Amino acid sequence: MIVVISIGGSVLGDKPDSERFREYAGAIKEIAAQHTVFIVTGGGAIAREYIQIARELGENEAVCDLIGIDLTRLNARLLISALSGDANPTPPLDYKEAESAVSSGKIVVMGGVIPGQTTDATAAVLAEFVRADLLLNATSVDGVYTTDPRSDPSAKKLNKITPEQLVEIVMKTEMRAGAESVLDPLAAKIIERSKIPTIVLNGSNPKNIVDVVLRNKHVGTEIRSSCKK
Ligand code: UTP
């Protein structure tokens, strides 16, 4: 099976921590022993800090996005270091490069690719590009909620939704560099058109990622269309 895993910067920790990278590397190696794995790392709090400073310095959103991308690639580099010889040595800069890199049999780890999106969308397009069987979005919340649980106490977690429902929920998200939402709107639209089975889950514990891929066990949100194209 080909699996694309988007690991949100928020789950990698507020500050880079070698132990945390080691834990994720261990989990990813376990999955890669049985499947072809692509990882897309987010930028998290540090990316947002850099973006905020660039904004204060008068940069436009596209430049802020480019700075965000650099930070996601730094996280990719740290994860590659933690995976030592098991990963492709550098983060591919685009989808084509990622596809060629995986032919070496190594785990491919990359960050963002172009302004105007987040690594959720990078992972969704990559999943479409490499014809992945499963897209996992490991984030710091338990799944997709009816509304944002951080600001709405009446928000309810959804266990199973269609890509169309996902699009409807995330379209309410603000679109700017470093914006916070469970999944970016572009990612949702890509999931809708590609119909790739997707699971959004709490990835704060790397064991959850292993459980979902190897044991089909999770308490997140499954996004699946009733009819496959
Ligand atoms: P992230 O994917 O980490 O965004 O990329 P995020 O919203 O912080 O995601 P989580 O919450 O950690 O999962 C950091 C920033 O880098 C830019 C965007 O500005 C994004 O907010 N970026 C990332 C791009 O412009 N293009 C990409 O392909 C990826």
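Quantities reported herein were computed from a predicted structural model and do not represent experimental measurements.
Closest approach of Thr119 to Gly112, counting heavy atoms only: CG2-N, 3.8 Å. The shortest non-hydrogen separation linking Ser10 to Ser140 is OG-OG, 3.3 Å. Across Ile191 and Ala124, no two heavy atoms sit closer than the pair CG1-CB, 4.3 Å. The two atoms that bring Lys29 and Ser84 nearest to each other are NZ-OG, 3.9 Å, heavy atoms only. The heavy-atom pair separating Val108 from Pro92 by the smallest distance is CG1-CG, 3.5 Å.
Evaluation of the side chain to side chain donor-acceptor pair (under 3.5 Å) test over residues 12-21, restricted to residues two or more places apart or in two chains, returns Glu19-Arg22, Arg20-Glu23, Arg20-Tyr24. The salt bridge (Lys or Arg N to Asp or Glu O under 4.0 Å) pairs that include a residue from residues 101-118 number zero, where partners must be two or more places apart or lie in different chains.
Atom CD of Glu164 has more than 12 heavy atoms from other residues, nucleotides or ligands within 6.0 Å. In Lys160, the NZ atom is not crowded: 12 or fewer heavy atoms of neighbouring residues, nucleotides or ligands sit closer than 6.0 Å. The environment of Arg131 atom CZ is sparse: at most 12 non-hydrogen atoms of other residues, nucleotides or ligands sit within 6.0 angstrom.
Side-chain contact between Val144 and Val170 is absent, with no heavy-atom pair separated by less than 4.5 Å. A heavy-atom distance below 4.5 Å is not found between the side chains of Arg224 and Thr162. The side-chain heavy atoms of Leu135 and Val3, taken from C-beta on, include no pair separated by under 4.5 Å. When side chains are defined from C-beta on, Arg215 counts as touching Val210, because their heavy atoms get closer than 4.5 Å. Side-chain contact between Gln52 and Glu56: present, with at least one pair of heavy atoms (C-beta onward) separated by less than 4.5 Å. The closest side-chain heavy-atom distance from Pro91 to Arg77 is below 4.5 Å. Contact annotation: the side chain of Tyr145 never approaches that of Asp152 to less than 4.5 Å [non-hydrogen atoms, C-beta and beyond]. Contact check for Ile169 versus Leu158: side-chain heavy atoms found under the 4.5 Å cut-off.
Between the Lys157 side chain and the Thr221 main chain, no donor and acceptor come within less than 3.5 Å of each other. Judged by distance alone, with hydrogens and angles left aside, the side-chain atoms of Asp65 form a donor-acceptor pair with the main-chain N or O of Gly116 at under 3.5 Å.
Hydrophobic clustering (side-chain heavy atoms under 4.5 Å, transitive across Ile, Leu, Val, Met, Phe, Trp, Tyr) groups Val200 together with Leu186. Under the 4.5 Å side-chain heavy-atom criterion for grouping Ile, Leu, Val, Met, Phe, Trp and Tyr, Leu134 is not connected to Val130 through any hydrophobic cluster. Cluster annotation: Leu93 is not connected to Val113 through the hydrophobic network of ILVMFWY side chains, with a link wherever side-chain heavy atoms come within less than 4.5 Å. Under the 4.5 Å side-chain heavy-atom criterion for Ile, Leu, Val, Met, Phe, Trp and Tyr, Ile107 and Leu79 are members of the same hydrophobic cluster. The cluster map of Ile, Leu, Val, Met, Phe, Trp and Tyr, joined by side-chain heavy atoms under 4.5 Å apart, puts Leu66 and Ile114 in different clusters.
Partners of Asp142 by salt bridge (Lys or Arg N to Asp or Glu O under 4.0 Å), not counting sequence neighbours: none found. Checked against side-chain contact (heavy atoms from CB on, under 4.5 Å), Pro16 has the following partners two or more places apart in sequence or in another chain: Phe21, Ile46, Leu78. Applying the side-chain contact (heavy atoms from CB on, under 4.5 Å) rule to Lys96 yields the partners Asp94, Phe129; only residues at least two apart in sequence or on another chain are considered.
Each of Asn88, Thr90, Asp86, Leu83 was checked for a side-chain contact (heavy atoms from CB on, under 4.5 Å) with Val109, and the lone residue meeting it is Leu83. Asn137 pairs in a side-chain contact (heavy atoms from CB on, under 4.5 Å) with only one of the listed residues (Ile199, Ile223, Leu201, Asp120), which is Asp120.
The structure places OG of Ser6 at 10.0 Å from CG of Leu126, a figure rounded to the nearest 0.5 Å. One finds the CD1 atom of Ile161 at 11.5 Å from the OG atom of Ser225 (value rounded to the nearest 0.5 Å). The CD1 atom of Ile190 sits 10.0 Å away from atom CD of Glu192, with the distance rounded to the nearest 0.5 Å. The distance from atom NE2 of His218 to atom CG of Asn159, rounded to the nearest 0.5 Å, is 8.5 Å. From Glu49, atom CD reaches atom CG of Leu71 across 9.5 Å, with rounding to the nearest 0.5 Å. The distance from the CD1 atom of Ile31 to the CE atom of Met1 is 8.5 Å, given to the nearest 0.5 Å.
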> Hey, mind stepping through Ile53 and Leu57 against side chain to side chain contact (heavy atoms under 4.5 Å, CB included) and telling me if it holds?
Replying inline: CA-CA 6 Å; Ile53 289 171; Leu57 293 171; 4.0 Å; yes
>> Determine whether Leu136 and Val213 satisfy the following criterion, side chain to side chain contact (heavy atoms under 4.5 Å, CB included), listing intermediate values before the conclusion.
In response: CA-CA 9 Å; Leu136 280 191; Val213 184; 3.5 Å; yes
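In this structure, a donor-acceptor pair under 3.5 Å is absent between the side chains of Asn202 and Asn208.
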Show me the side-chain donor-acceptor pairs of residues 34-45 shorter than 3.5 Å, one per line, residues at least two apart or across chains.
from, atom 1, to, atom 2, distance (Å)
Thr41, OG1, Thr72, O, 3.0
Thr41, OG1, Ala76, N, 3.2
Thr41, OG1, Met110, O, 3.4

